[in-house]
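Below is one structure, written out as C-alpha cells; the observations come after it.
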Protein chains: 2
Amino acid sequence: MDLFLSTFENRIDKKGRLSVPAPFRAVLERRRDPLYLFKSLTEPCLEGCGPERIGQIVDAIESMDSLSAEVATLQTMLSSAQEMKLDGEGRMMLSGDFIDFAELDDMALFAGIGRSFQIWLPARYRERETAARSRAKTDGLPSLRLGGAYRPPGDTDGRS
Amino acid sequence: MDLFLSTFENRIDKKGRLSVPAPFRAVLERRRDPLYLFKSLTEPCLEGCGPERIGQIVDAIESMDSLSAEVATLQTMLSSAQEMKLDGEGRMMLSGDFIDFAELDDMALFAGIGRSFQIWLPARYRERETAARSRAKTDGLPSLRLGGAYRPPGDTDGRS
DNA sequence: TGGGATTATTTGGGATATCATGGGAAATAT
DNA sequence: ATATTTCCCATGATATCCCAAATAATCCCA
C-alpha cells in the first residue's frame with residue numbers, strides 16, 4: 001500500500017502552475033490514477049486524492065435521502081472537486097477559486113496524510129503544526145486512543 | 001468513471017444562449033449522450049443529466065403504484081424535462097420557463113454533482129454552499145460508512 | 001568519507017490550441 | 001412580413017504543449 005507522506009513546498013509560478021511533488025505523482029502513476037483536488041469542508045486548505053474517494057462520495061449520495069443536509073454537504077464537496085490534468089513536467093494549474101479558498105500566494109505546501117494529501121499556505125500550515133504539537137503535550141495524544149489503530153499484541157504502550 | 005464535477009459560471013447572452021462547460025460536454029460526447037434538463041423537485045435550480053437517469057425515473061414510475069403521490073411527483077420531473085440541442089459551439093438555449101423557474105438573469109452557475117449537474121443563479125448557489133460549509137464545521141462531516149472504509153480526506157483518525 | 005559528476009526534479013517562457021462569447025446572415029416559424 | 005432560431009465565423013482570454021534553464025538529489029569512485 002503506497003501512501004502520500006511527508007511535506008513538500010513548491011512555487012506557484014505567475015501562470016498559476018504548481019508542480020505536484022514527484023513522490024506523490026509516483027503514487028498516482030503506479031495506480032494509473034488521475035488526481036482530484038477539492039476544497040476542504042472544514043479548513044482553509046485543498047485536499048488531493050485519487051478517484052476511489054470521489055466514487056465513494058458519489059455512491060453515498062445516491063444511497064441517501066436526497067433531501068438530507070448530509071447530501072447537500074457531500075454535493076458541496078463534489079461541486080468543488082476538479083480532475084487535475086498535469087502537464088509534461090507534472091504541474092497542475094490551480095484555478096483562482098482554489099487559490100482564493102486556500103489563500104495561497106506564491107508558495108504551496110503539500111502535506112501527505114496517508115490516503116490523501118493537503119495543500120496549504122506554508123505559514124498557515126506551520127502555525128497549525130505547532131499548535132497541534134503543543135496541544136499534544138498538554139492534552140496527551142488523543143489520536144492514539146481512537147479505535148482501530150493496530151498495535152502489536154501485548155503492546156499496551158503504558159496505557160490501560 | 002467520468003463524472004460531472006466542479007463549478008463553472010457562464011454568461012447567458014442577449015440571445016438567450018448559454019455555453020455548457022466543455023468538461024461537461026466531454027462527458028456526454030464520450031458516451032454519445034444527449035443532454036436533458038429538467039426542473040428540480042426540491043430546489044430552485046435546473047438539473048442536467050444524460051438519458052440513463054431519465055430512464056431510471058421512468059423505470060421507477062413503472063414499478064410503483066400508479067395512483068401514489070410519489071408517482072405524480074416523478075411524473076412532474078419527466079414532464080418538465082427537455083432534450084437540449086447544442087449549437088456548434090456547445091451552447092444551448094434556455095426556455096423562458098427554465099429561466100423563470102431557476103430565477104436566472106445574465107449568469108448561470110453549473111455545479112457538478114457526480115452523475116448529474118445543477119444550474120443555479122450564482123448568488124443563490126453561493127448562499128447554499130456557505131450554509132453547507134458552516135454546517136459541516138459545527139455538525140461535523142457526514143460519516144460515510146458505505147462499502148466500509150471511507151473517511152473524509154484529512155481525517156487521519158490518528159493512523160498514518 | 002568527501003566531492004565532483006550524473007541524473008532527477010522543479011521552474012520559466014514562448015508558441016499553439018481550446019474555449020467562452022459576440023455578432024451577422026441564413027433558415028424557420030408565426 | 002416579422003420575430004425567433006440556427007448556422008457560421010471572428011476575437012480575446014486562458015489553458016496546454018514543448019523545449020530549455022536552474023536547482024536539488026543521487027551516485028560513484030578516489
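It should be emphasised that the depicted structure is a prediction, and the values quoted were computed from it without experimental measurement.
Two residues are said to be in side-chain contact when any heavy atoms from C-beta on lie closer than 4.5 Å; P23(A) and F4(A) fail this criterion.
No hydrogens or angles considered: a donor-acceptor pair under 3.5 Å links the side chains of S95(A) and Q82(A).
A rotation axis mapping the C1' atoms of four pairs onto the next four is fitted at both ends of the helix from dT1(C)-dA30(D) to dT30(C)-dA1(D) over five pairs, and the angle between these axes is 30° to 10 degrees.
Ion pairing of E62(A) with R115(B) is present here, as a side-chain N (NZ or NE/NH1/NH2) and a carboxylate O approach within less than 4.0 Å. With respect to D139(A) and R135(A), no salt bridge is recorded, no charged nitrogen being found less than 4.0 Å from a carboxylate O. Using a 4.0 Å cut-off between charged nitrogen and carboxylate oxygen, D13(B) and R17(B) count as a salt-bridge pair.
Rounded to an integer number of Å, the gap from M92(A) CE to dT11(C) C1' is 15 Å. Distance NZ (K85(A)) to P (dA17(C)): 18 Å, rounded to an integer number of Å.
M77(B) contributes atom CE, which lies 8.0 Å from atom CZ of R53(B) (distance to the nearest 0.5 angstrom).
Here the closest non-hydrogen pair linking L121(A) and A102(A) is CB-O, 4.1 Å.
Note: F117(B) and F110(B) have tilted aromatic rings, judged against thresholds of 30 and 60 degrees for the angle between ring planes.
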Given protein heavy atoms under 4.0 Å, the one-letter contact record of nucleotides 18-30 of chain C, with B base, S sugar-phosphate only and - none, is simply -SSBBBBB-----
